[in-house]
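In listed order, ligands and their atoms are each counted from 1.
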Amino acid sequence: MACILITGANRGIGLAMTRAAVRHGDSVIATVRDAQKATALMLLAEEIGGITIRELDVVDENSVAAFAAATTEAPDLLILNAGVFNVRGGIEDPGHSVEAWRDSLMTNVAGPFLVTRALLPNIERSEGRKIAIVSSIMGSSERAPGNAYPYRSSKAAAVNLARNLAAELKPRGIAVGAYHPGWVRTDMGGDSADISPEESAEGLLSRFDALSMRTTGVFEDYRGDAIPF
Ligand SMILES: NC(=O)c1ccc[n+]([C@@H]2O[C@H](COP(=O)([O-])OP(=O)(O)OC[C@H]3O[C@@H](n4cnc5c(N)ncnc54)[C@H](OP(=O)(O)O)[C@@H]3O)[C@@H](O)[C@H]2O)c1
């Protein structure tokens with residue numbers, strides 16, 4: 001039985017990974033921005049147990065520090081899933097504001113960095129010693145078609161963050177990977193997306209199982225297909 005920590009666990013892929021992990025027999029520290037609003041997660045925790053709900057806003061330094069101080073567990077796997085996708089248009093889309101850039105880069109890049117740094121002593125104490133950053137195929141520079149600039153740039157930077165962490169943490173025996181969850185039917189992915197959150201969650205968890213010191217630095221999707229950087 002592993003201990004898994006998941007950010008953004010109140011809805012979408014984070015909630016589906018929480019459900020799947022507990023069904024597999026693992027325990028989950030499920031983090032949410034606002035526990036009062038995490039109704040579906042609270043119901044799940046009551047229904048099946050194995051879930052500890054804790055508040056964490058990944059871009060708020062005080063929240064990260066308080067969360068790290070309250071977290072005495074040693075998670076085998078840290079899943080950095082929380083993310084935002086706020087504007088989708090081409091270069092002239094007025095939505096590409098400074099605010100949109102700040103929000104995307106802070107949440108999708110700085111957030112995973114801040115949480116990783118704060119939780120590093122806990123991860124080092126664990127057996128599993130793995131970190132998974134949920135990026136996106138939209139962060140592939142080789143497959144860049146234009147549009148959704150803040151999101152694409154932030155997800156490319158998230159892959160770069162995973163690669164740098166993989167290199168720096170290798171001597172410390174911690175494996176790090178970046179993942180594309182598929183196009184998933186969530187608030188972010190929309191109703192016409194390809195796959196359910198459940199299918200994505202099962203696929204991602206099996207890829208995280210496969211992550212090792214041999215494969216550290218990987219960028220792949222929920223089926224294990226490599227994504228070009
Ligand atoms: N859906 C897709 O097709 C797709 C495709 C590629 C990659 N992804 C990536 O997969 C991950 C999950 O996506 P999803 O589809 O499940 O999205 P979602 O349904 O929009 O859920 C996003 C989650 O991130 C949390 N979050 C956002 N900002 C946060 C912050 N500052 N601190 C803590 N939590 C924060 C949200 O919490 P609140 O409820 O408090 O807002 C929510 O739990 C994201 O990183 C996304 O970029 C998704």
Side-chain angles (χ1 to χ4, degrees), residues 5-20 28-42 44 51 53-68 78-88 99-100 102-116 118-119 131-140 143 148 150-159 161-162 177-201 203-205 207-208 219-223 225 227:
L5 195 155
I6 305 176
T7 65
N10 54 305
R11 59 189 169 103
I13 300 166
L15 180 63
M17 287 192 289
T18 301
R19 186 183 290 111
V28 175
I29 302 167
T31 81
V32 301
R33 268 199 280 205
D34 184 348
Q36 298 299 320
K37 292 188 188 153
T39 321
L41 180 64
M42 281 198 277
L44 182 68
I51 300 171
I53 302 173
R54 237 166 250 165
E55 286 189 340
L56 170 64
D57 183 329
V58 302
V59 298
D60 177 334
E61 275 181 311
N62 293 331
S63 172
V64 173
F67 173 74
L78 171 61
I79 306 177
L80 299 155
N81 162 78
V84 290
F85 187 173
N86 45 22
V87 48
R88 290 160 202 259
E99 175 95 43
R102 188 180 296 127
D103 203 21
S104 299
L105 293 170
M106 284 306 295
T107 310
N108 299 345
V109 193
F113 174 82
L114 295 171
V115 176
T116 297
L119 268 279
I131 299 170
I133 296 184
V134 181
S135 178
S136 169
I137 197 165
M138 290 177 75
S140 167
R143 295 207 189 157
Y151 184 74
R152 287 187 186 279
S153 307
S154 69
K155 289 301 191 181
V159 175
L161 173 66
Y179 297 87
H180 170 55
W183 184 24
V184 192
R185 290 187 291 275
T186 62
D187 293 337
M188 186 184 292
D191 292 340
S192 44
D194 289 335
I195 59 169
S196 66
E198 291 70 32
E199 184 176 356
S200 173
L204 287 172
L205 290 176
R207 296 322 304 161
F208 305 158
F219 180 23
E220 63 182 20
D221 74 6
Y222 70 106
R223 294 164 303 199
D225 292 338
I227 310 253

Would you say [X] and [Y] make side-chain contact, with heavy atoms under 4.5 Å?
| X | Y | value |
| --- | --- | --- |
| Ser136 | Phe85 | no |
| Leu5 | Thr31 | yes |
| Glu198 | Arg19 | yes |
| Ile13 | Thr186 | yes |

Side-chain donor-acceptor pairs of residues 103-111 under 3.5 Å, sequence neighbours excluded:
residue, atom, partner, partner atom, Å
Ser104, OG, Asn86, OD1, 3.3
Ser104, OG, Asn86, ND2, 3.4
Ser104, OG, Ala100, O, 3.0
Thr107, OG1, Asp103, O, 2.8
Asn108, OD1, Val84, N, 3.0
Asn108, ND2, Val84, O, 2.9
Asn108, ND2, Ser154, OG, 3.0

Nearest-0.5 Å distance that lies between atom OH in Tyr179 and atom CD1 in Ile79: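 Between Tyr179 OH and Ile79 CD1, I get 9.5 Å after rounding to 0.5 Å.
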
Taking non-hydrogen atoms within less than 4.0 Å of ligand 1, which protein residues qualify? Gly8, Asn10, Arg11, Gly12, Ile13, Arg33, Leu56, Asp57, Val58, Val59, Asn81, Ala82, Gly83, Val84, Thr107, Val134, Ser135, Ser136, Tyr151, Lys155, His180, Pro181, Gly182, Trp183, Val184, Thr186, Asp187, Met188, Gly189

